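Read the structure below first, then the notes.
Nothing here was measured: the structure is a model prediction, and the numbers come from that model.
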Amino acid sequence: GNLRSRLDNDPDEALGPFAEVLQGADLAVINLETAIAVGGEPVDKDFTFRVPSTAVAALRAAGVDVASMANNHGMDYGEQGLVESLRAKKAQADGMIIGIGEDEDAAYAPYRTTIKGQRVAVIAATQVMDASLITAWTATATKGGLASAKRVDRLVAEVEKARQNSDTVVVFLHWGIEKETCP
């Protein structure tokens with residue numbers, strides 16, 4: 001739609017008026033609810049989303065520091081979409097894309113930065129996944145995928161590990177029930 005044409009025409013201006021707000025933040029973390037891919041086949045679900053890798057440049061231009069792909073659309077374009085998304089992640093030397101990885105260690109790995117002398121770690125995970133996709137989309141020791149909040153033991157272990165050398169640990173969860181406005 002409109003956002004895609006803005007992304008294609010000028011990635012640096014694609015997020016328009018939101019950029020000023022994001023650029024003013026000490027740390028801007030977003031939920032990137034899409035696969036970063038142009039290939040692959042859409043999985044069997046009602047809505048599937050994907051963007052080209054130029055979306056990462058658009059996010060950076062808008063002031064986004066961290067983008068979580070741990071959500072119910074991070075693998076909408078199957079294994080090929082995962083391969084492309086991981087390629088986009090790997091191209092970010094600062095580790096700005098979190099919540100997805102070639103294995104569980106990479107998927108749960110935090111983004112780390114120092115802000116005003118404070119060491120900050122951001123860990124992303126999703127609690128929202130179609131029941132039929134939980135096993136296929138959750139990263140394991142031997143398979144790429146998403147950081148799942150349904151693996152409470154793993155998520156807690158990552159928070160405890162990050163806390164050892166961080167002043168603040170942010171756990172960025174994709175969770176809840178769509179269209180519910182009160183947690």
Intermediate values then yes/no, side chain to side chain contact (heavy atoms under 4.5 Å, CB included), H174 and E33
CA-CA 10 Å; H174 186 66; E33 199 151 355; 3.4 Å; yes
Go through it in stages, so that I can follow the logic: the residues are I30 and L59, the test is side chain to side chain contact (heavy atoms under 4.5 Å, CB included), and I'd like the CA-CA distance, side-chain angles, deciding distance and then a yes or no.
CA-CA 9 Å; I30 60 122; L59 295 174; 3.9 Å; yes
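In this structure, the side chains of P52 and R4 come closer than 4.5 Å at one or more pairs of heavy atoms. Side-chain atoms of H73 and K45, non-hydrogen and from C-beta on, do get closer than 4.5 Å to each other. Side-chain contact between P110 and V169 is absent, with no heavy-atom pair separated by less than 4.5 Å.
D65 places a side-chain N or O within donor-acceptor distance of the main-chain N or O of A28, the cut-off being under 3.5 Å. Side chain of T34 to backbone of F49: a donor-acceptor contact under 3.5 angstrom is found.
For E41, the CD atom sits in a loose shell: 12 or fewer heavy atoms of surrounding residues, nucleotides or ligands are nearer than 6.0 Å. In the displayed structure, Q23 atom CD is contacted under 6.0 Å by more than 12 heavy atoms of other residues, nucleotides or ligands. Dense packing is recorded around CG of N165, with more than 12 heavy atoms of other residues, nucleotides or ligands lying under 6.0 Å away.
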If you look only at distance, which donor and acceptor atoms sit under 3.5 Å apart when one is on a side chain in residues 132-139 and the other is two or more places apart or in another chain?
{"unit_1": "T138", "atom_1": "OG1", "unit_2": "I134", "atom_2": "O", "d": "2.6"}

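Taken together through direct or relayed side-chain contacts under 4.5 Å among Ile, Leu, Val, Met, Phe, Trp and Tyr, V29 and V170 form part of one hydrophobic cluster. Under the 4.5 Å side-chain contact rule for hydrophobic residues, W175 and V156 do not share a cluster. Taken together through direct or relayed side-chain contacts under 4.5 Å among Ile, Leu, Val, Met, Phe, Trp and Tyr, Y111 and L155 form parts of separate hydrophobic clusters. A single hydrophobic cluster is not seen to contain both V159 and V152; linkage of ILVMFWY side chains at heavy-atom distances under 4.5 Å, directly or through other members, places them apart. Under the 4.5 Å side-chain heavy-atom criterion for Ile, Leu, Val, Met, Phe, Trp and Tyr, F172 and V66 are members of the same hydrophobic cluster.
Nearest approach of T48 to V43, heavy atoms of both residues: CG2-O, 3.7 Å. For the pair D103 and A141, the tightest heavy-atom approach, listed with the atom from each and the gap, is CB-O, 3.9 Å. Smallest separation of non-hydrogen atoms from A125 and S148: CB-C, 4.1 Å. Residues D167 and G117 approach most closely at OD2-O, 4.0 Å, considering heavy atoms. Residues L173 and A149 share a closest heavy-atom pair of CD2-CB, 4.0 Å. Of all heavy-atom pairs spanning S166 and A121, the tightest one is OG-CB, 3.5 Å.
The CD1 atom of I123 sits 10.5 Å away from the OH atom of Y108 when rounded to the nearest 0.5 Å. Residue T113 holds its OG1 atom at 10.0 Å from CG of D26, rounded to the nearest 0.5 Å. Atom CG of residue L86 and atom CD of residue E84 lie 10.5 Å apart, to the nearest 0.5 angstrom. Here the CD atom belonging to Q127 is positioned 10.0 Å from the CG atom belonging to N72, to the nearest 0.5 angstrom. With values rounded to the nearest 0.5 angstrom, I97 atom CD1 is found 5.0 Å from Q92 atom CD. A distance of 8.0 Å separates CZ in R119 from OG1 in T114, rounded to the nearest 0.5 Å.
The salt bridge (Lys or Arg N to Asp or Glu O under 4.0 Å) analysis of residues 133-161, with sequence neighbours excluded, yields the pairs E104-R151, E104-R154, D105-R154, R154-E158.
Of the listed residues (L32, L82, I36), just one forms a side chain to side chain contact (heavy atoms under 4.5 Å, CB included) with I100, and that residue is L82.
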